[in-house]
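To start, the structure under review is shown below, and the notes come after it.
Whatever order the structure lists ligands and atoms in, that order sets their numbers, starting from 1.
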Amino acid sequence: MTSSAQASLGRAPKRVLLAAPRGYCAGVDRAVQAVEEALDLYGPPVYVRKEIVHNKHVVQQLAERGAIFVEEETEVPEGKLVVFSAHGVAPTVHENAQARQLRTIDATCPLVTKVHVEARKFAEQGYTIILIGHEGHEEVEGTTGEAPANIVLVQTADDLEDLAVDDPDRVAYITQTTLSVDETTEIIARLREKFPNIVGPKSDDICYATTNRQIAVKQLASECDLVLVIGSTNSSNSNRLVEVAREHGATSHLIDNSLQVREEWLEGVETVGITSGASAPEELVEQLVAFFRERGAEDVSELRTVDEDVRFMLPKEIRTELAARG
Ligand code: SF4
């Protein structure tokens, strides 16, 4: 393409810097594969409770292959196959599914299951459990369902002001997996001041993928004027990436895909950074890079901060079926 043709396409940064790691985490990869395998093994329709992962593009592609997304297990016809999403479900969802004789595939991320196990353990030991998370998020609903009588939701440090518990010496905390690492550290520090004997999980509940993508975007933000985060608006970890990029000096926007880039965002931008949330497929990043290349950006490179090699096995129900079919 000639430079005059490129100029007519609009403003372009000189340099494009890609965060690494970015995009799909092991839990999302496993959940998406679980639905794909279910479609291959059993044929459509395969019902999926909630969005399997919080990404419009992924949900649309699976719907085109025959997945039917429903809000509740009670919408699934009796006896049919349903996949539970990566965000996890409350025990009542399993009970409802059993009552309707649904065949279930549980694609809950193992790192969300870890938090469920902690909630049950602390509840059995009689603790009041402070769950740090976002109200209405599916993961929070699922975790709360493990011990509804014991769990109190805290969203911000300000929520701690008026927080009263039965026994201040019998308090535990757990967290959603996709929070801001820095903000959560601050809330936990405030909790420790308020409840000096508070106990928590042995290892952090904020997962490796959330943590690593935030480390990467901090570095990216320090080198870019603008950071574009690919992810859907209901994706918690993607929204946190935008916040972290802004806190570290860059202008930042959340976009579903390259079609949402606004011309005015590129005004005066020399280096644009790109990252993607844990539920955003790499092809959307590639399309965005192609968008900038078409406009003349030639310097495209990756800024790697952490190496990742986490993989999870497919849900047991899928592995069993695959083994049975040889
Ligand atoms: S973001 Fe973390 S907790 Fe959520 S699916 Fe991915 S690895 Fe699991």
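Counting protein heavy atoms only, atom 3 (S) of ligand 1 is closest to T177 OG1, 3.4 Å. The protein heavy atom nearest to atom 8 (Fe) of ligand 1 is C109 SG, 2.3 Å. For atom 7 (S) of ligand 1, the closest heavy atom belonging to the protein is C25 SG, 3.6 Å.
For ligand 1 and C207, the ligand atoms under 4.0 Å from any heavy atom of the residue are 1 (S), 2 (Fe), 3 (S), 7 (S).
A salt bridge does not link R120 to E124: none of the charged nitrogens lies less than 4.0 Å from a carboxylate oxygen. Between R100 and E75 there is no salt bridge, since no side-chain N of the basic residue sits under 4.0 Å from a carboxylate O of the acidic one.
Follow the hydrophobic side-chain contacts under 4.5 Å out from L160 and you never reach I174; the two are in separate clusters.
Taking the six-membered ring for Trp and thresholds of 30 and 60 degrees, H54 and H137 have ring planes more than 60 degrees apart, a perpendicular arrangement.
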